[in-house]
Amino acid sequence: MSKAKFSANLSMMFNEVPFTERFERAAKAGFKGVEYLFPYEKPVEKLAALLKKHQLTQVLFNMPVENWNSGGRGIACLPGHEKIFAEGVHKALEYALALDCKQVHAMAGKLDRQFTQEQQRECYITNIQYAADVMAEHDINVLIEPINIRDMPDYFLTTQNQAELLLKDIDRKNVFIQLDLYHCQIMEGDLLRTIERLWGKFSHIQIASVPERHEPDSGEVNYFWLFKKLDEMGYQGWLGCEYYPASQTEEGLGWLARV
C-alpha cells in the first residue's frame, strides 16, 4: 500500500457536475486534497466552506491568468506587465490565506518575439522573486512548472533543466518546481533519474498518462512503479491527478484502489 497523498484536479476531473459539486465527489472517491486551475470566479468563503464540509486540503491553484479561454497563459515573462502580475500575486495571496493553501503556481506566459529571450528571462526572474517575497511572509511556496511544447506551443518554460537554472537565479527558498511527470515524459523522459536529480527542488508532483493524458494506469509510463520508488525515497508531498478522465470520472478510478 503506497503512502502517497493524491489530490484531485477539479478543473479536469468530476466535470460531469458543476464545479462546486466536485468537492463532494472527490471526497467520496477517497481524495483528501484538491487542486484546480483558478478559484477566482467563486467567492472564497464558498470554497473555504466546501473544503471544511468535505474535510479536504486545498493543495494548489494558479495565480490569476488573463484571457485564459482565448489563449492567455500567464504574463510572468512579459516585460511591461509587471504591475498586473503584482496585482495577481496579491489576489492569489488573498485566496491562499482564506483556503489555507500553502503553494501557488505562477504561469510563465508565452514567448513574445518583440523581446529577446534574455529580456523575458530577466522579467520572469524578477516577477517570481517578487511573488516569492510576498508569499514568504505567509509561509507559502511559489511553484514554477515546465510545460510541454506540444500542448502549449511557445510557452516560456518547457524543460526541467531550464527550471533548474531559473531556480538558481531566482534564489528564493520558497520557490520550487511543480514536477508534472506528463510534461516531463513528453519533453525529456528518464523520469526516475530526473526525480533523483531534482530531489529537494520540487514540492509538488502531477501525474497523467502519456500520450493521452488520461488515468495513470494507461499509457507508456509505469506510474505504479514510480509510486513505489517515491515511497522508498520518502516523498512527503502531494501527487496531483491532473488528467482528463477517459470516460465518467468514477469509472476510471479503479487505479486509486490499487495504489
Next on the checklist: By the salt bridge (Lys or Arg N to Asp or Glu O under 4.0 Å) test, which pairs, at least two apart or in different chains, include something from residues 197-207?
Outcome noted: Glu164-Arg197, Glu164-Lys201
Checklist entry - Can Glu242 and Arg213 be counted as an ion pair, charged N to O under 4.0 angstrom? => result yes
Checklist entry - Salt bridge check: are Glu232 and Lys228 linked by an N-O gap of less than 4.0 Å? => result yes
Quick check, are the ring centers of [X] and [Y] under 6.0 angstrom apart?
{"X": "Tyr95", "Y": "Tyr40", "answer": "yes"}
{"X": "Phe19", "Y": "Tyr36", "answer": "yes"}
{"X": "Phe6", "Y": "Trp238", "answer": "no"}

Next on the checklist: When you measure from the side chain of Asp151 to the backbone of Asn148, do you find a donor-acceptor pair of N or O atoms at a distance under 3.5 Å?
Outcome noted: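 Looks like no, no N/O pair under 3.5 Å.
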Item to check | Cluster overlap Leu179 with Met233, hydrophobic side-chain contacts below 4.5 Å | outcome: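 Yes, one cluster joins them.
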Checklist entry - Among the clusters formed by ILVMFWY side chains lying less than 4.5 Å apart, do Ile207 and Leu60 turn up in the same one? => result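 Different hydrophobic clusters.
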Checklist entry - Among all residues two or more places apart in sequence or in another chain, which pass the side chain to side chain contact (heavy atoms under 4.5 Å, CB included) test with Val134? => result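 Scan of Val134 (side chain to side chain contact (heavy atoms under 4.5 Å, CB included), adjacent residues dropped) gives Val89, His90, Leu93, Tyr130.
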Checklist entry - Given the rule in the side chain to side chain contact (heavy atoms under 4.5 Å, CB included) test, do Arg258 and Phe224 qualify, once you have shown the distances and angles that lead to the verdict? => result CA-CA 9 Å; Arg258 302 197 305 272; Phe224 289 89; 4.0 Å; yes
Next on the checklist: For Phe202 and Tyr235, take the angle between the two ring planes, folded into 0 to 90°, and tell me which bin it lands in: parallel under 30, tilted 30 to 60, perpendicular over 60.
Outcome noted: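 Rings of Phe202 and Tyr235: tilted, 30 to 60°.
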Next on the checklist: Over 60° means perpendicular and under 30° means parallel, so tell me whether Trp255 and Tyr243 are parallel, tilted or perpendicular.
Outcome noted: perpendicular
Checklist entry - Which pair of non-hydrogen atoms, one from Cys123 and one from Pro79, has the smallest distance, and what is that distance? => result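 Shortest heavy-atom separation between Cys123 and Pro79 comes out as SG-N, 3.6 Å.
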